[in-house]
Amino acid sequence: MKRDKFNIVIYRGETYSTLVSLKDNNGAAITLQNATITAQCRNKATNAAVFSFVCTIQAPASGGEFLLSVPAGTSAPLTPEKGLVYDVKISWAGGDTKYWLGGDCEIRDTVTA
């Protein structure tokens, strides 16, 4: 099991989503049964929260996949900005917690209304 870095770019007013597949060192899916997934984007310099992602475990939970997304309504009011970071926290009912995925996040402006 390794922690992955995945940098993302979110365009204002756009729905962002990416499917994440978690696998162990042998390539087997890591079960998300009884897991809670949360993710936030923060300003690297101030640690102020900018927004939270929506994390949806895909069925079956034993397949180790979840959708990391930002709805258009959440991204629309964001200010274009670099210097942001995010991470994904997975907590299982048994008490185990992992920060599996994270990286840099950039908010870009759009032109078309």
Side-chain angles (χ1 to χ4, degrees):
M1 297 183 289
K2 69 176 185 171
R3 187 171 311 198
D4 287 326
K5 182 173 183 179
F6 181 69
N7 297 331
I8 60 175
V9 174
I10 297 172
Y11 289 87
R12 290 181 65 217
E14 179 178 82
T15 299
Y16 172 86
S17 65
T18 189
L19 184 65
V20 179
S21 297
L22 301 177
K23 304 206 182 276
D24 66 16
N25 291 333
N26 297 317
I30 300 210
T31 185
L32 295 173
Q33 190 74 34
N34 299 315
T36 301
I37 303 174
T38 54
Q40 279 191 329
C41 177
R42 292 183 172 265
N43 183 297
K44 190 185 292 187
T46 66
N47 200 35
V50 178
F51 65 89
S52 294
F53 290 85
V54 176
C55 303
T56 309
I57 296 173
Q58 303 298 288
S62 60
E65 292 185 330
F66 68 93
L67 191 65
L68 180 69
S69 62
V70 179
T74 300
S75 71
L78 297 175
T79 303
E81 188 173 0
K82 293 183 180 182
L84 304 175
V85 293
Y86 80 99
D87 64 13
V88 176
K89 176 183 176 183
I90 305 172
S91 301
W92 284 269
D96 288 342
T97 298
K98 300 281 185 200
Y99 289 86
W100 210 289
L101 178 69
D104 297 327
C105 180
E106 179 182 346
I107 310 298
R108 290 189 184 162
D109 208 354
T110 53
V111 177
T112 304

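Any value given below was found using the heavy atoms of this structure, including those in side chains, with hydrogens, waters and symmetry copies removed.
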> Parallel, tilted or perpendicular: which describes the rings of Trp100 and Trp92, with under 30° parallel and over 60° perpendicular?
perpendicular
> Could you check whether any side-chain heavy atom of Thr38 comes within less than 4.5 Å of a side-chain heavy atom of Phe53, counting everything from C-beta outward?
no
> Apply side chain to side chain contact (heavy atoms under 4.5 Å, CB included) to Ile10 and Cys105, showing your working.
CA-CA 7 Å; Ile10 297 172; Cys105 180; 4.0 Å; yes
> Please check this pair: side chain of Arg12 against backbone of Asp109, looking for a donor-acceptor N/O pair closer than 3.5 Å.
no
> In the structure I gave you, are the side-chain heavy atoms of Thr56 and Phe66 within less than 4.5 Å of one another anywhere?
no
> If we only count heavy atoms from C-beta on, is the Val20 to Glu65 side-chain gap below 4.5 Å?
no
> Quick one: does Arg42's side chain have a donor or acceptor within less than 3.5 Å of a partner on Val85's backbone?
no
> Any ion pair linking Glu106 and Arg108 (charged N to carboxylate O, less than 4.0 Å)?
yes
> Between the side chain of Thr97 and the main-chain N/O of Ser91, is any donor-acceptor distance below 3.5 Å?
no
> What is the distance from atom OH of Tyr11 to atom OG1 of Thr110, rounded to the nearest 0.5 Å?
10.0 Å
> Determine whether Ile30 and Ile57 fall in the same hydrophobic cluster, where Ile, Leu, Val, Met, Phe, Trp and Tyr are linked whenever their side-chain heavy atoms lie under 4.5 Å apart.
yes
> Rounded to the nearest 0.5 Å, what's the gap from CD1 on Ile8 to OG1 on Thr18? Could you check?
8.5 Å
> Just verifying a value: how many Å separate Lys89 NZ and Lys98 NZ, rounded to the nearest 0.5 Å?
13.5 Å
> How far apart are the C-alpha atoms of Ile90 and Leu22, what are their side-chain angles, what is the distance that settles it, and do they pass the side chain to side chain contact (heavy atoms under 4.5 Å, CB included) test?
CA-CA 11 Å; Ile90 305 172; Leu22 301 177; 3.4 Å; yes
> Do Val70 and Phe6 share a hydrophobic cluster, counting only Ile, Leu, Val, Met, Phe, Trp and Tyr and linking them when any side-chain heavy atoms are less than 4.5 Å apart?
yes
> Where do Ala39 and Cys55 come nearest, in terms of heavy atoms and distance?
CB-SG, 3.8 Å
> Of all the heavy-atom pairs spanning Gly64 and Leu32, show the shortest one and how long it is.
C-CD1, 3.8 Å
> Honestly curious: do Leu67 and Val88 fall in one hydrophobic cluster under the side-chain, below-4.5 Å linking rule?
no
> Using only atom types and a distance under 3.5 Å, with no angle test, would you say the side chain of Asp24 pairs donor to acceptor with the backbone of Ala28?
yes
> To the nearest 0.5 Å, what is the distance between CG on Asp104 and NZ on Lys5?
4.5 Å
> Checking Ser75 side chain against Glu14 main chain: does a donor-acceptor pair fall under 3.5 Å?
yes
> Could you tell me if the side chain of Leu84 sits less than 4.5 Å from the side chain of Ile107, heavy atoms only?
yes
